[in-house]
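I have placed the structure first, in the form of C-alpha cells, so that the comments after it can refer back to it.
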Protein chains: 2
Amino acid sequence: MKLNQATDYAFRAVYYLSGLPKGQLVEAKLIAETEKIPLRFLLKILRSLAAAGIVESYRGVSGGYTLAKEPREITMKDVVEAVEGPIELNRCLVDPGECNKNHTAHCPLHQALFSIRQTLNKELASYNFADLGKN
Amino acid sequence: MKLNQATDYAFRAVYYLSGLPKGQLVEAKLIAETEKIPLRFLLKILRSLAAAGIVESYRGVSGGYTLAKEPREITMKDVVEAVEGPIELNRCLVDPGECNKNHTAHCPLHQALFSIRQTLNKELASYNFADLGKN
DNA sequence: ACAAAGTATACCCAATCGGTACAGTATATA
DNA sequence: TATATACTGTACCGATTGGGTATACTTTGT
C-alpha cells in the first residue's frame with residue numbers, strides 16, 4: 001500500500017512553492033529542475049493541483065505557478081486527494097455493492113476499515129505546509 | 001491509495017476461521033463458498049497466510065486450514081503484511097536512493113511520511129481478530 | 001508578431017492486479 | 001495399496017493503473 005509517485009512530486013512542488021514569498025510566480029521548468037521532476041509530468045500534476053484550488057496558474061510570457069492559499073491552509077491530505085483522489089482503503093468502503101458479503105452495516109471488518117481510514121485521513125490532514133518546514 | 005482485493009479476502013478468511021472452535025480444520029472450498037471468494041485465488045492467499053504463520057494447512061483427505069494462533073494474537077496489520085508486504089507509503093521511505101532529492105534525513109516531507117506510516121501501522125495493529133467480532 | 005509560458009488530449013510501455021490452469025504432492029480411508 | 005481428496009508451486013493471462021511523453025493548441029508580455 002503506497003502513495004504514487006505523482007503524489008510525492010506534488011508534495012515536493014507544493015513544499016517548494018511554500019518556501020517562496022507570497023504570490024511569487026515560478027515557472028514549472030524551474031520547479032522541475034530544482035526538485036528533479038520530469039517537466040511534462042510535473043505540468044500534468046500541477047494541473048491537478050490547480051483544479052483542486054491548491055495552486056494558481058498564469059499563462060503567457062512571464063507566467064508560472066503560485067500557491068492559491070496560505071501554506072498553513074494546505075495539508076498533505078489536500079495534496080493527496082488532489083492528485084489521486086480520496087483514500088479508499090477498501091472497495092467496500094466506496095461501493096457497498098462491491099462488498100461480496102453485502103452486509104456492510106454489520107460487518108466488523110468494514111467498521112474497522114472505516115475507522116482506520118478516518119485515522120489516516122486525520123493524520124494526513126494534521127500536516128500543513130507552513131509547519132512542515134519548521135523543526 | 002488502497003489495500004488490494006487479496007488483502008480484503010484474507011481479512012474475511014481469517015475472520016471466518018476466528019469464529020470456529022480452536023483447531024477445527026476447514027477446507028478452502030467451504031471458506032470460498034461462504035465468503036464468496038474465487039477458490040483458486042483463495043488457495044493462493046491462504047498460502048501467503050500460512051507462510052506468514054497466521055494459518056496452518058493440512059493436506060490430504062480430511063485436510064484444510066485452521067488458525068496457527070489465537071485470534072487475539074492476529075492483527076489486521078499481520079494480515080496486510082502477509083498478503084501485500086509491509087506498508088511503504090512512499091518510495092523514499094523504502095530506499096533512500098529513490099529519493100530524488102537524496103537528503104532524506106533532513107527532508108521534512110520524509111519525516112512527516114515516516115510518522116504517518118507509523119500511525120497507520122499502529123492503527124492496523126490495534127485490531128485483532130478476537131475483538132473484531134465483539135461489539 | 002513572436003517567444004515564452006501553461007493547457008488538453010491522446011498515446012505509450014511496464015508493472016501490478018485479480019484470477020486461472022496445470023502439474024504435482026501428501027494423506028485418510030476403502 | 002489404490003484412490004479420491006485436499007493443499008502446493010509455478011506459470012500464465014487479460015485488464016487496469018502507473019509513470020511518463022508527444023503533439024497540437026491557447027494565452028500573454030514585449
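On a predicted model such as this, the values are computed, not experimentally measured, just so you know. We name chains A, B, ... by the order of the sequence lines, and we start the count at 1 in each one.
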TODO: Please report the closest heavy-atom contact between B:Ser18 and B:Leu67, naming both atoms and the distance.
DONE: OG-CD1, 3.6 Å
TODO: In sequence, state the C-alpha distance, the side-chain angles, and the governing distance for B:Lys22 and B:Glu70, and then conclude on salt bridge (Lys or Arg N to Asp or Glu O under 4.0 Å).
DONE: CA-CA 8 Å; B:Lys22 187 178 177 177; B:Glu70 297 293 326; 2.9 Å; yes
- [ ] Round to a whole Å and report the spacing from CE of B:Met1 to C1' of D:dG18.
- [x] 16 Å
TODO: Take atom CZ of A:Phe41 and atom C1' of D:dA22, then tell me their distance rounded to the nearest Å.
DONE: 15 Å
- [ ] Identify the heavy atoms of A:Val83 and A:Ala6 that sit nearest to each other, and give their distance.
- [x] CG1-CB, 3.7 Å
Task: Main-chain N/O of A:Thr75 paired to A:Asp78 side chain as donor or acceptor, under 3.5 Å - done: yes
Open item on the list: Test your reading of the model: is there a side-chain donor-acceptor pair from A:Ser115 to the backbone of A:Gln111, 3.5 Å cut-off?
Closed with: no
- [ ] Find the distance B:Leu30:CG to D:dC7:P and express it as a whole number of Å.
- [x] 10 Å
TODO: Could you tell me whether the side chain of B:Glu35 and the main chain of B:Tyr16 form a donor-acceptor pair under 3.5 Å?
DONE: no
Task: DNA chain D-proximal residues of residues 44-56 of chain A, any heavy atom under 4.0 Å - done: A:Lys44
Open item on the list: Could you tell me how far apart B:Leu42 (CG) and D:dT8 (C1') are, to the nearest whole angstrom?
Closed with: 14 Å
Open item on the list: Nearest heavy atom decides the nucleotide; on that basis, is B:Pro38 or A:Lys29 closer to the 5' end of DNA chain C?
Closed with: A:Lys29
Open item on the list: For A:Leu46 versus A:Ala28, what's the shortest heavy-atom pair and its separation?
Closed with: CD1-CB, 4.0 Å
Open item on the list: I'd like to know if the side chain of B:Thr7 and the backbone of B:Leu3 have a donor-acceptor N/O pair within less than 3.5 Å.
Closed with: no
Task: B:Glu56 backbone acceptor or donor facing B:Thr66 side chain under 3.5 Å - done: no
TODO: Would you grab the first and last nucleotide of DNA chain C (5' to 3') that comes under 4.0 Å of any non-hydrogen atom in chain A?
DONE: C:dA3 to C:dG18
- [ ] Indicate whether OP1 or OP2 belonging to D:dT8 is found under 4.0 Å from a side-chain N or O atom of B:Ser57.
- [x] yes
Open item on the list: Whole angstroms only, please: what is the CG-P distance between A:Asp8 and D:dG20?
Closed with: 10 Å
N/O-N/O pairs, protein side and nucleotides 28-30 of chain D side, under 3.5 Å:
residue, atom, partner, partner atom, Å
D:dT28, O2, A:Val61, N, 3.4

TODO: Would you please classify the geometry between the A:Phe41 ring and the A:Tyr9 ring as parallel, tilted or perpendicular, with 30° and 60° separating the classes?
DONE: perpendicular
TODO: May I ask you to check whether over 12 heavy atoms, not counting those of B:Lys69, lie within 6.0 Å of atom NZ?
DONE: yes
Open item on the list: Rounded to whole Å, please give me the gap between CG in B:Leu39 and P in D:dT5.
Closed with: 14 Å
Task: Protein-nucleotide distance (A:Leu25, atom CG; D:dT27, atom P), rounded to Å - done: 18 Å
TODO: Please state how far atom OH in A:Tyr65 lies from atom C1' in D:dT27, giving the value in whole angstrom units.
DONE: 13 Å
